[in-house]
Amino acid sequence: RKVAKKKDDPPIFHPKRHYDPGRQLWRDLEALLGQDNSGRRPGVVSWLSRLRYDEILPSMHFQFQIASVKYKDSDYSIVDVFDDAVSFNADLLTELGESWISRVLEEVVVVDKLSEQVGQLAQNLAVAAGVSKNRRTHAKANAKEQAYYRLDLPFRRWLESIDPQDNSVGKEEICNLWWEQAQGIVRKLGRELVNQTGPQAFAGCVVTDEKKSYRYTAPEAYNRFLYKTSSREAL
């Protein structure tokens, strides 16, 4: 992250904080790889990329680890200390892996959208069951967290399996295999959420705003969830 006390000061960069202990590092891959708005890779990443490009390092897997602190009260006290790591093929940091990087980042976005759909399903089921707004919000947040938890290890394994030098299997096929796995995981979680709802959610609940009335039922919520998770385009 860029730090400057005055507008005309030369650019100074400090480590960027990882604020949320529950947020997996791979969900911020674009920052790690310099693909975010800053366009700047961390120094360690740039240096390893150069070493691999010059073939000083062999084809191998890099593991990047972060350590972070969660503060409270304007950074005067520490609430939590945590770390995370992510591993992938070193060639992803070279020209050979540039096209792969864009696809990997697209799949991270897909995971975000799938988790959002699980959260939306949980919220709609809560509305159908007639629970309070606070409990609906809580249900959505819990469902999204559970989706990320279940997708975490499979995504890490898929990322580690990518080898830009291996042309035996096409890129689209590899990405489609991941989509099918991710879709299966979130749909299984969606079925569990529906099965956990009581009879009230299946009977439904009518919610009225200033202009219209809407009826929420578990079957309708689940059908919408199935449609939204039917393809990447539908998300």
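Predicted model only: the values in this text are computed from it and were never measured.
Separation of atoms NE2 (H61) and CD1 (I162) is listed at 9.0 Å; rounding is to 0.5 Å. Atom OG1 of T197 is separated from atom CG of N124 by 12.0 Å, given to the nearest 0.5 angstrom. Atoms CD1 and OG, on I174 and S168 in that order, are 7.5 Å from each other to the nearest 0.5 Å. Distance check, rounded to the nearest 0.5 Å: OG of S99 to CG of L92 gives 9.5 Å. Considering CG of L153 and CD of Q24, their distance stands at 11.0 Å, rounded to 0.5 Å. Residue K140 holds its NZ atom at 11.5 Å from CG of L121, rounded to the nearest 0.5 Å.
Using a 4.5 Å heavy-atom cutoff, the side chains of L189 and Q146 are in contact. Here the side chains of R187 and S230 are in contact, with some heavy-atom distance below 4.5 Å. For the pair L33/L93, a side-chain contact is recorded, criterion being any heavy-atom separation below 4.5 Å from C-beta on. A 4.5 Å side-chain heavy-atom check between R232 and N176 finds at least one atom pair inside the cut-off. The closest side-chain heavy-atom distance from V45 to F64 is below 4.5 Å. Taking the side chain as every heavy atom from C-beta outward, L114 and V118 never approach each other to under 4.5 Å. A 4.5 Å side-chain heavy-atom check between Q120 and K144 finds every atom pair outside the cut-off.
For S102, there are no side-chain hydrogen bond (donor to acceptor under 3.5 Å, both in side chains) partners, not counting sequence neighbours. Applying the salt bridge (charged side-chain N to carboxylate O under 4.0 Å, His left out) rule to K228 yields no partners; only residues at least two apart in sequence or on another chain are considered. Listed by chain and number, the residues in a salt bridge (charged side-chain N to carboxylate O under 4.0 Å, His left out) with E172 are R103 (sequence neighbours excluded). With sequence neighbours excluded, no residue satisfies side-chain hydrogen bond (donor to acceptor under 3.5 Å, both in side chains) with R215. Legend: residues meeting side-chain hydrogen bond (donor to acceptor under 3.5 Å, both in side chains) with S213, ordered by chain and number and at least two apart, are T208. For E220, there are no salt bridge (charged side-chain N to carboxylate O under 4.0 Å, His left out) partners two or more places apart in sequence or in a different chain. Residues forming a salt bridge (charged side-chain N to carboxylate O under 4.0 Å, His left out) with R27 (at least two apart in sequence, or on another chain): none.
Scanning all heavy atoms of the two residues, the minimum distance from Q183 to T229 falls at NE2-O, 2.8 Å. The two atoms that bring A122 and A143 nearest to each other are CB-CB, 3.5 Å, heavy atoms only. A129 approaches Q200 most closely through the heavy-atom pair O-CG, 3.3 Å. Scanning both residues, A31 and P42, for their nearest heavy atoms gives O-CD, 3.8 Å. Of all the heavy atoms in G130 and C205, the pair that sits closest is CA-SG, 4.2 Å.
Here the side chain of D54 pairs no donor or acceptor atom with the backbone of I56 at under 3.5 angstrom.
With respect to the salt-bridge test (charged N to carboxylate O, under 4.0 angstrom), the residues R150 and E192 qualify. Remark: K113 does not engage E107 in a salt bridge, criterion side-chain N to carboxylate O under 4.0 Å.
For residues 165-215, every residue pair satisfying the ring-ring contact (aromatic ring centres under 6.0 Å, His included) rule, not counting sequence neighbours, is listed here: F155-W178, W158-W178. Evaluation of the ring-ring contact (aromatic ring centres under 6.0 Å, His included) test over residues 216-235, restricted to residues two or more places apart or in two chains, returns none.
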Atom pairs and distances, donor-acceptor, side-chain atoms in residues 81-91, under 3.5 Å, two or more places apart:
unit_1: D83; atom_1: OD2; unit_2: Q65; atom_2: NE2; d: 2.7
unit_1: D84; atom_1: OD1; unit_2: R156; atom_2: NH2; d: 3.1
unit_1: D84; atom_1: OD2; unit_2: L25; atom_2: N; d: 2.7
unit_1: D84; atom_1: OD2; unit_2: R156; atom_2: NH2; d: 3.2
unit_1: S87; atom_1: OG; unit_2: F62; atom_2: O; d: 3.4
unit_1: N89; atom_1: OD1; unit_2: D91; atom_2: N; d: 2.8
unit_1: D91; atom_1: OD1; unit_2: R52; atom_2: NE; d: 2.7
unit_1: D91; atom_1: OD1; unit_2: R52; atom_2: NH2; d: 3.2
unit_1: D91; atom_1: OD2; unit_2: S59; atom_2: OG; d: 3.3
unit_1: D91; atom_1: OD2; unit_2: Q165; atom_2: NE2; d: 2.6

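N142 and H138 form a side-chain donor-acceptor contact under 3.5 Å, judged by distance and modelled atom types alone.
Through ILVMFWY side-chain contacts below 4.5 Å, V109 is grouped with nothing and stands alone. As a member of the Ile/Leu/Val/Met/Phe/Trp/Tyr network built from side-chain separations under 4.5 Å, L96 groups with nothing else and remains a singleton.
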